[in-house]
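Below, chains carry the letters A, B, ... as their sequence lines are ordered, and counting in each starts from 1. Bear in mind that the values here come from a model prediction, so they are computed numbers and not experimental data. Both backbone and side-chain heavy atoms feed into the values below; hydrogens, waters and symmetry mates do not.
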Amino acid sequence: MAIYDHKRIEKKWQEKWLRENAFQADDASTKEKKYVLDMYPYPSGSGLHVGHVEGYTATDIYSRYLRMKGFEVLHPMGWDAFGLPAENYAIKTNVPPAKTTEEAIQTFTSQINSLGLSYDWSREIGTHRPDYYKWTQWLFLLLYKNGLAYKQKAKVNWCPKDQTVLANEQVVDGNCERCGTGVIQKDLEQWFFRITKFAEELLADLEHVNWPESTKAAQRNWIGKSEGAEIDFVIAGTDEKIRVFTTRPDTLYGATYLVLAPEHPRIDVLSAHITNLDAVAAYRAQTATKTELERTALAKEKTGVQLEGIAAINPATKEQIPVFIADYVLSQYGTGAIMAVPAHDERDADFAKAFNLPVKRVVDEKKYFIFDFDGVLGDTFEAALAAHVAMGHSPDLEAAREAVLKYAHNKPRHTRDANPSPEVLAEERAWTARFGTAMLQSDWKLFDEFIREVEKIPNTQIAIVSSGSELYVKPASEKTRLNPTHVMAFETSHSKEEKIETICRDWGIDPKQAYYFTDSKADVYELKGMFPEGKLIGCAWGFVGKEALEEVLPRSSVLENYADIHTLFMGLHTGDGLLINSGDFTGASSAAAKRTITESVGGVMKTTYRLRDWLISRQRYWGAPIPMVYDPEGNLHPVPEEHLPWALPTDVEFKPTGESPMAKSKELRERVEKLFGPGWTPDVDTMDTFVCSSWYFFRFADPHNAEVFADKEKMKRWLPVDLYVGGAEHTVLHLLYARFFTKALQSLGFIDFVEPFTMLRHPGTILAEDGRKMSKSLGNVVNPTDVVDEYGADSLRLYEMFMGPLDVAKPWNTRNILGVRRFLEKIIALASRVADAEADEPTESLMHQSIESVTADIEALKFNTAISQLMIFANKLGEYKEVPRHAFETLLVLLSPLAPHLTHELWEQTGHADDIRLSSWPVADQTKLSKASVTVGVQVNGKVRGSVTLSAEATQEEALAAARAHEGVSKWLALGREVKAVYVPGRIISFVVESAV
RNA sequence: GCCGGGGUGAUGGAAUGGUAGACAUAGGGGACUUAAAAUCCCCAGAUCGAAAGGUCGUGUGGGUUCGAGUCCCACCCCCGGCACCA
């Protein structure tokens with residue numbers, strides 16, 4: 001067998017492709033376009049890793065496939081070259097970042113080429129190169145001129161280690177995303193991009209893109225839309241108003257105090273009225289020093305200070321309520337002030353508890369209670385009702401209830417006692433014997449009182465279920481529906497489920513919405529499936545003790561005393577429901593009352609977003625300089641376009657000082673004075689590197705244009721990106737910013753589409769062989785270059801694609817590379833046996849099936865199954881001594897996007913003048929897809945009992961006859977009477993027999 | 001807590017509601033070889049059985065269906081995002 005010399009083959013073809021500019025995208029081509037893009041890499045000193053290879057291989061396969069399908073494909077590569085690692089390296093070694101960056105780019109380029117990736121290198125860009133960042137700066141000025149970039153003093157995130165400000169998106173759990181240092185808050189004047197202007201579009205347009213659901217969800221979370229109302233609270237005795245934002249205006253009647261963020265500007269205005277200014281100032285100072293983390297995640301204890309001397313007026317109740325400042329209210333969100341409703345908000349409840357503030361319930365859910373104390377009412381009710389009817393009254397609810405309770409009052413009463421006296425025990429036994437139930441074990445004496453207590457719970461509808469009667473008393477009228485008590489008796493033969501279903505049908509609810517109270521452990525067992533957690537409530541004052549009920553129910557669902565029911569149902573309720581204690585709005589649903597209550601107090605409905613403007617200034621060197629200058633009076637001026645690129649000076653010290661290294665550049669200062677006049681000074685910050693990387697996909701359409709960031713017609717030709725592949729770590733940062741740039745450019749008329757990336761996929765992380773993350777410190781990193789050396793690029797590509805679905809995390813396994821390498825060797829072996837032979841019918845059929853499924857799999861980026869299909873096809877061809885040429889060549893073409901080098905080589909060896917990449921993609925012949933015969937399974941009563949081989953055209957009769965004749969099947973059919981038989985052509989034969997027993 | 005995505009052999013993973021475990025890796029047996037590697041052939045979910053064959057089996061419990069990994073309901077666990085956001 002021929003030796004697989006991957007080094008020679010791969011080098012040969014890689015050089016040929018580069019020499020021929022084989023993958024250059026033609027702007028002028030009349031073919032339909034596809035734009036296939038990788039998230040361009042940061043050219044780090046450590047070179048390419050296996051994760052890069054995964055995504056790049058996927059887009060490469062897709063691009064090569066699309067070219068063979070007849071598309072003109074734009075598949076470019078470039079460098080996200082600005083950023084901290086190069087600068088930090090410069091701080092350590094004093095080697096300029098420009099130098100290390102270009103060196104790293106060299107390494108990346110040769111590594112990428114060694115993988116046979118089909119990039120259009122004529123379009124290569126680097127964000128650190130002046131001909132690129134000129135346009136980054138131009139875009140900054142464009143946004144500035146259109147009010148989308150502004151400079152403002154604000155409380156910003158500051159990383160003390162990296163000595164720079166950070167965007168909100170770059171703060172993870174209160175720490176710097178890059179270095180993990182705790183982020184502190186600083187008041188600084190900084191540049192922002194007005195991304196919030198597009199919040200609604202950024203949210204709504206997610207509907208239209210083919211992106212992973214998780215990524216869309218993460219963006220929705222980040223944008224954080226919430227709909228509510230803004231309502232003004234007047235400060236008593238002044239004209240001052242505090243405006244609050246709330247999503248629950250329906251709870252306005254329950255607002256018992258206001259809380260302002262400590263930074264709230266109105267505090268200064270109100271200070272004349274505040275009598276405890278010292279305490280207020282102290283609290284504000286204390287808040288200011290806290291890190292974001294201390295103030296949010298870590299701070300679970302509520303702190304705050306009352307603004308003494310002032311009170312706000314609740315516009316609904318007209319009551320005067322106290323005003324506080326507390327750091328649990330954030331100044332940046334909403335209006336920086338809230339109305340606190342401790343009865344219906346967890347945080348307000350915590351604060352109210354800490355400061356002993358009044359709690360007023362204004363919302364309750366509609367509650368449905370079913371009490372089933374079988375023995376309690378059973379015969380009692382029947383007896384009472386029978387007596388009642390006998391006296392000539394109709395069996396209506398009220399009368400029945402009265403009768404029942406009267407009867408209950410007249411019963412001998414027993415207080416539940418842990419050690420009942422012998423007399424009591426004897427009496428109970430007597431009753432138990434007589435009625436066959438444990439009725440007297442329940443606390444009879446208090447039963448009616450208990451029901452009266454329950455009735456105090458608002459919005460409650462109650463059913464008391466009893467057994468032992470043939471009668472079922474329905475709620476007679478709307479009137480009785482409003483009266484919660486609903487007494488029912490059922491025949492003993494009715495099952496629990498039937499009783500509950502009957503009641504719930506009357507109420508028009510799902511049993512899962514009802515609470516079921518029982519004193520029986522057996523009921524709990526029986527009804528667990530019918531009621532969700534927390535809806536089944538044990539009453540431990542009856543026959544069954546608390547311990548016994550706690551064996552089958554969560555502790556919180558077992559009541560020891562009937563008064564516990566208040567704790568259970570009168571506590572914090574944060575959901576929707578029906579209003580109570582709310583003046584004219586009492587009885588309305590909270591959903592409906594949101595608008596009506598807001599309007600009644602002159603508030604406005606308002607939508608708020610969690611998204612904040614994008615802070616883009618960085619006090620660092622290795623980035624695109626912000627092209628702004630200050631006149632001697634300190635006014636801002638944009639650098640005129642003719643001076644772009646606004647060059648990054650090179651006479652700088654890299655040591656971080658908390659100020660941009662550019663501040664000390666003599667060259668920059670002199671340049672500004674020379675261009676603008678004495679006393680003029682530059683803005684010395686650079687832009688967040690995410691600015692550079694948020695528009696690069698436009699530049700690839702027209703990378704060398706010196707007149708404009710990209711020609712309109714060329715953008716029209718190539719954009720939007722049809723497939724974008726890159727790491728899931730960019731779900732909110734890069735992808736959100738890129739969408740913002742797209743929307744900004746669209747709103748300014750530069751482009752006519754609203755979403756930059758039509759389809760997006762994230763390759764899953766490749767873990768180390770030990771299942772952990774690859775990391776230098778763990779020493780478990782796999783270097784793709786080593787793998788290419790040992791097994792070849794085709795093997796590496798194939799292996800990474802064969803590992804599993806593209807988008808899931810999966811561990812590396814060196815042994816498995818050998819598997820795909822063997823597969824390629826098998827292909828070489830097949831090539832050596834190619835002959836002008838005919839393929840037989842099954843092979844022909846398999847070939848067309850393979851075309852069909854490999855095509856579909858590549859379209860869906862399911863490369864793992866595409867490869868397995870090719871293995872099946874190759875294994876089939878391996879059965880031939882003389883491999884049919886046509887079938888083999890089809891296999892090569894199908895394999896060529898995945899393993900380009902070897903397929904090119906073998907294609908040439910088998911006598912083709914043109915490269916295989918120029919072949920057209922095969923089309924399956926539909927008539928040859930199906931085989932002449934099919935093997936289908938036979939089921940009897942759902943179990944597979946055998947299989948039969950049939951002609952593909954077999955009718956149901958023929959199929960069933962064949963199955964009945966099958967020995968393994970017939971013996972099962974003989975066990976009973978055949979009642980049903982189904983043949984699903986090509987799939988299954990299914991019999992149902994009824995047992996003869 | 002809220003929002004997303006998952007849970008299938010020893011392992012990576014297949015499976016338009018139709019014979020669960022394709023394809024591959026590791027493993028077992030055999031052929032070739034002085035031997036080993038490579039290659040080729042066979043076996044391979046668990047369990048009972050000498051075998052034929054039976055039973056069980058896709059996180060758990062229910063349901064729909066002739067038939068459920070797949071659909072519905074509830075629950076458990078893992079991963080990712082958001083979170084004092086009013």
Considering only nitrogen or oxygen atoms on both sides, find all protein atoms under 3.5 Å from nucleotides 6-13 of chain B and state each distance.
{"residue": "B/G12", "atom": "O2'", "partner": "A/M803", "partner atom": "O", "Å": "2.3"}
{"residue": "B/G13", "atom": "O3'", "partner": "A/N864", "partner atom": "ND2", "Å": "3.4"}

Given B/G81, B/G18, B/A83, identify the nucleotide with an atom nearest to the side chain of A/R987.
B/G18
Let's see if you can work this out: which of B/G18, B/A15, B/G5 has an atom nearest to the side-chain heavy atoms of A/T865?
B/A15
Quickly work out the [X] [atom1] to [N] [atom2] distance and round it to whole Å.
{"X": "A/I989", "N": "B/G67", "atom1": "CD1", "atom2": "C1'", "result": "14 Å"}
{"X": "A/L824", "N": "B/C23", "atom1": "CG", "atom2": "P", "result": "18 Å"}
{"X": "A/K302", "N": "B/A86", "atom1": "NZ", "atom2": "P", "result": "14 Å"}
{"X": "A/E825", "N": "B/A38", "atom1": "CD", "atom2": "P", "result": "11 Å"}
{"X": "A/D345", "N": "B/A86", "atom1": "CG", "atom2": "P", "result": "9 Å"}
{"X": "A/R821", "N": "B/U39", "atom1": "CZ", "atom2": "P", "result": "11 Å"}

State which residues pass side chain to side chain donor-acceptor pair (under 3.5 Å) with A/S853; sequence neighbours excluded, sorted by chain then number.
none
Does A/Q939 reach a base, just sugar-phosphate, or nothing at all? Heavy atoms under 4.0 Å.
base
With heavy atoms under 4.0 Å as the rule, sort A/V992 into base, sugar-phosphate or nothing.
sugar-phosphate
Once hydrogens and angles are ignored, does a donor-acceptor distance under 3.5 Å link the base of B/U25 to the side chain of A/R822?
no
Spacing of the [atom1] atoms in [M] and [N] (rounded, Å):
{"N": "B/A26", "M": "B/C43", "atom1": "C1'", "result": "15 Å"}
{"N": "B/U16", "M": "B/G69", "atom1": "C1'", "result": "15 Å"}
{"N": "B/C56", "M": "B/G49", "atom1": "C1'", "result": "15 Å"}

Pairing of A/R797 and A/E54 as salt bridge, 4.0 angstrom limit
no
One character per nucleotide, please: for nucleotides 45-61 of chain B, 5' to 3', B when the base has a protein heavy atom closer than 4.0 Å, S when only the sugar-phosphate does, - otherwise.
---------SSS-----
